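Everything on this sheet refers to the single structure shown next.
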Amino acid sequence: MAKGLPTRSENYSEWYNELVKKADLAENSAVRGCMIIKPYGYSIWEKMQRALDDMFKETGHSNAYFPLFIPKSFLSKEASHVEGFAKECAVVTHYRLKNDPDGKGVIVDPEAKLEEELIVRPTSETVIWSTYKNWVQSYRDLPILINQWANVVRWEMRTRIFLRTAEFLWQEGHTAHATQKEAEDETRQMLEIYAQFAEEWMALPVIKGAKTANERFAGAEETLCIEAMMQDGKALQAGTSHFLGQNFAKAFDVKFQDKAGNLEHVWGTSWGVSTRLMGALIMAHSDDNGLVLPPKLAPIQVVIVPIFKGDEQLDAISEKIDPLVKVLKSKKISVKFDKDDQARPGWKFAEYELKGVPVRVAVGMRDLESGTVEVARRDTLEKSVVPIEGLDAYIEQLLEDIQTNIYKKALDFRTENIFKIDTWDDFLVQIEKGGFLSAHWDGTSETEEKIKELTKATIRCIPLDTEEEAGSCVFSGKPSAQRVVFARAY
RNA sequence: CGGGGUGUAGCGUAGCCCGGUCAUCGCGUCUGCUUUGGGAGCAGAAGGUCGCAAGUUCGAAUCUUGCCACCCCGACCA
């Protein structure tokens with residue numbers, strides 16, 4: 001166990017909080033609910049951004065930027081949208097400060113009141129659709145496939161670093177299409193991209209599904225999502241993709257003339273993932289020694305720790321290691337050769353474990369004599385002695401193995417913690433133990449809400465890739481055509 | 001926003017109930033020497049508006065009030 005880090009079994013949420021701080025990912029800020037993402041944490045986010053951004057571009061999307069401030073009146077144009085977000089909006093009412101006449105400091109200048117108050121975007125549908133109105137006249141203007149990387153603010157009552165902060169970073173895609181089918185296909189395509197990113201890059205298995213009406217995005221006809229299981233058995237929504245129907249087009253009067261000359265409202269989608277993914281990454285893989293990062297997202301993939309006394313020994317080690325570093329870098333493997341002689345090897349070992357560096361190579365004089373190094377992998381903590389000759393290929397393969405193994409471990413954990421539940425008694429017992437409960441549901445909001453009230457479990461999603469299976473609702477006993485996933489969630 | 005808890009050096013803490021050489025200890029930091037294959041040892045040193053503000057008092061880390069932040073539990077949510 002790492003120094004000062006609580007274990008997961010002792011206190012899972014404290015383990016998470018401490019790990020975020022000790023691994024140098026982020027810290028709390030002077031403003032309640034906001035976070036400072038530190039360089040090490042931010043570089044993981046940058047890797048996520050890069051991978052996602054490439055995927056968006058490959059599927060024809062372009063980046064753009066829309067403003068932080070939204071006129072208050074925009075928000076109320078789509079009825080369910082305003083209802084969903086009104087309670088958590090930060091509002092700008094003034095545009096100037098002045099010196100406090102009664103003493104030190106500054107006060108809001110009461111004469112500088114805005115005629116129309118601005119809200120800080122909780123999401124950008126409204127500004128974007130008000131703009132799309134100007135961009136769309138003909139079917140030739142469609143589709144519009146835009147993404148933006150931005151910050152948004154939702155004034156949450158209870159915040160947790162990365163998982164739910166008042167301000168967070170994300171990407172939001174906003175597309176406009178001529179037909180319903182095209183928009184639905186887009187919604188589904190982006191969900192697939194999120195799932196692929198989660199599984200291939202984050203090594204995080206996810207369940208693709210649809211949200212129930214209760215959990216749907218405010219203003220959407222349908223919300224698709226990916227749901228992941230954390231090590232405490234709770235669910236975390238890792239990404240959402242919304243089919244907006246014509247709701248925003250109607251609210252903002254976005255129409256186009258089709259080939260036949262008819263004026264029609266356009267069809268929309270929106271989709272997003274946020275810095276919450278950082279929380280998912282941490283909680284899915286890490287252990288009591290610290291972070292465990294999938295190689296594809298690790299800022300440092302390989303750390304080389306020399307074990308030496310004096311400059312001569314270090315020089316001898318460097319002579320062997322410098323060429324290796326060069327080769328690894330040429331293979332796009334990020335490597336750190338830590339020559340710092342202030343910290344001792346044991347300290348470094350623990351430190352890099354805490355930070356989740358996937359592969360550690362230790363080299364001392366003994367190794368130089370035998371032409372070997374000690375290679376330790378973070379995911380299993382196994383150590384092996386490996387010849388220096390061909391080490392680059394060995395490491396390259398090892399990084400792939402680690403990526404695969406971390407995914408498999410998470411998948412096995414999830415498989416072991418999904419339970420088919422057929423009776424209400426079993427439901428009550430299992431929900432206390434944690435995990436996902438696959439159970440029949442009668443399709444009504446009343447039942448869903450009742451279950452939530454009694455157990456704190458919500459329907460995480462109605463899985464997409466699942467076979468129909470006739471059954472009866474675990475709560476009401478009414479007929480049901482398929483199982484849905486219940487869990488307590490972050 | 002409601003209930004409970006916490007805030008003392010960079011980090012973790014003792015002291016708070018019962019006001020008065022009580023600002024304690026560990027880690028870290030600095031200096032020197034010895035060390036270096038799993039968070040080094042010895043010797044010496046530096047470092048604190050006791051969360052912030054007001055109040056009570058001859059005297060406040062300690063009592064009172066307000067505010068801020070964090071944690072746990074509710075309501076709400078990506």
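The chains referred to below are lettered A, B, ... by the order of the sequence lines, with proteins before strands, and numbering in each begins at 1. Only a predicted model underlies this, so the values are computations on that prediction, with no experimental measurement involved.
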So which nucleotide does [N] pair with, by the Watson-Crick or G-U wobble rule with both distances under 3.5 Å?
N	result
B:rA61	none
B:rU56	none
B:rA75	none
B:rG48	none
B:rC22	none
B:rU35	none
B:rG7	B:rC68

TODO: Take A:His81 and A:Trp129 through the test ring pair (Phe, Tyr, Trp, His ring centres under 6.0 Å) and record every step on the way to the result.
DONE: CA-CA 13 Å; A:His81 190 68; A:Trp129 282 90; over 10 Å; no
Hey, does [X] reach any base, or is it just sugar-phosphate, or nothing, if we go heavy atoms under 4.0 Å?
X	answer
A:Arg360	base
A:Phe217	nothing
A:Phe168	base
A:Glu14	nothing
A:Leu163	base
A:Thr240	nothing
A:Thr223	nothing
A:Asp367	base
A:Gly279	nothing

Task: Closest listed nucleotide, where the reference is the side chain of A:Pro345 and the choices are B:rC76, B:rU36, B:rG38 - done: B:rU36
TODO: Check the pair A:Thr175, A:Thr269 against side-chain hydrogen bond (donor to acceptor under 3.5 Å, both in side chains), reporting the backbone distance first and the verdict last.
DONE: CA-CA 5 Å; A:Thr175 68; A:Thr269 83; 2.5 Å; yes
Work out how far the [atom1] atom of [N] is from that of [M], and round it to whole angstrom.
N	M	atom1	result
B:rG59	B:rA46	P	32 Å
B:rC16	B:rC1	C1'	30 Å
B:rC67	B:rC25	C1'	32 Å
B:rG4	B:rG15	P	23 Å
B:rC50	B:rU34	C1'	38 Å
B:rC71	B:rG12	P	13 Å
B:rG10	B:rU29	C1'	8 Å
B:rG39	B:rG44	P	25 Å

Task: Rounded distance [0.5 Å steps], CZ in A:Phe308 versus OG in A:Ser318 - done: 8.0 Å
Task: Interatomic spacing from NZ in A:Lys22 to CG in A:Leu25 - rounded to 0.5 Å - done: 12.5 Å
Rounded to the nearest Å, what distance is computed from the [atom1] atom of residue [X] to the [atom2] atom of nucleotide [N]?
X	N	atom1	atom2	answer
A:Asn28	B:rC71	CG	C1'	11 Å
A:Gln313	B:rU35	CD	P	12 Å
A:Gln342	B:rU35	CD	C1'	13 Å
A:Met35	B:rC71	CE	P	13 Å
A:Glu449	B:rA75	CD	P	13 Å
A:Ile307	B:rU36	CD1	P	12 Å
A:Glu156	B:rC70	CD	P	14 Å
A:Glu83	B:rC76	CD	P	13 Å

Task: Which residue lies more 5' along RNA chain B, comparing A:Lys21 with A:Lys456 via nearest heavy atoms - done: A:Lys21
Open item on the list: I want to confirm an ordering. Mapping A:Glu353 and A:Thr159 to their closest nucleotides on RNA chain B, which one lands closer to the 5' end?
Closed with: A:Glu353
Looking at [N], I'd like to know if its phosphate oxygens (OP1 or OP2) sit under 4.0 Å from a side-chain N or O belonging to [X].
X	N	result
A:Ser13	B:rC72	yes
A:Lys309	B:rU36	yes
A:Arg158	B:rC70	no
A:Lys22	B:rC11	no

- [ ] Please assess A:Tyr194 against A:Lys208 for the test side-chain hydrogen bond (donor to acceptor under 3.5 Å, both in side chains), listing each intermediate value before the final yes or no.
- [x] CA-CA 9 Å; A:Tyr194 288 156; A:Lys208 291 175 282 193; over 6 Å; no
TODO: Please determine if A:Lys355 forms a cation-pi arrangement with A:Tyr40, meaning its NZ or CZ atom is less than 6.0 Å from the six-membered ring centre and no more than 45° off the ring axis.
DONE: yes
Task: Over-ring placement of A:Arg360 relative to A:Phe349, 6.0 Å and 45° cut-offs - done: yes
TODO: Summarise how protein sits on nucleotides 40-46 of chain B as a single string, 5' to 3': B when a protein heavy atom is under 4.0 Å from the base, S for sugar-phosphate-only contact, - for no contact.
DONE: B------
Task: Side-chain donor-acceptor pair present, A:His174, A:Ser270, cut-off under 3.5 Å - done: no
Task: Sub-6.0 Å ring centroid separation between A:Tyr16 and A:Phe162 - done: no
Open item on the list: I want to check something: taking the side chain as every heavy atom from C-beta on, are A:Gln171 and A:Val273 in contact at a cut-off of under 4.5 Å?
Closed with: yes
TODO: Show your working on side-chain hydrogen bond (donor to acceptor under 3.5 Å, both in side chains) between A:Lys296 and A:Gln301 and close with a plain yes or no.
DONE: CA-CA 8 Å; A:Lys296 284 188 171 189; A:Gln301 294 171 306; over 6 Å; no
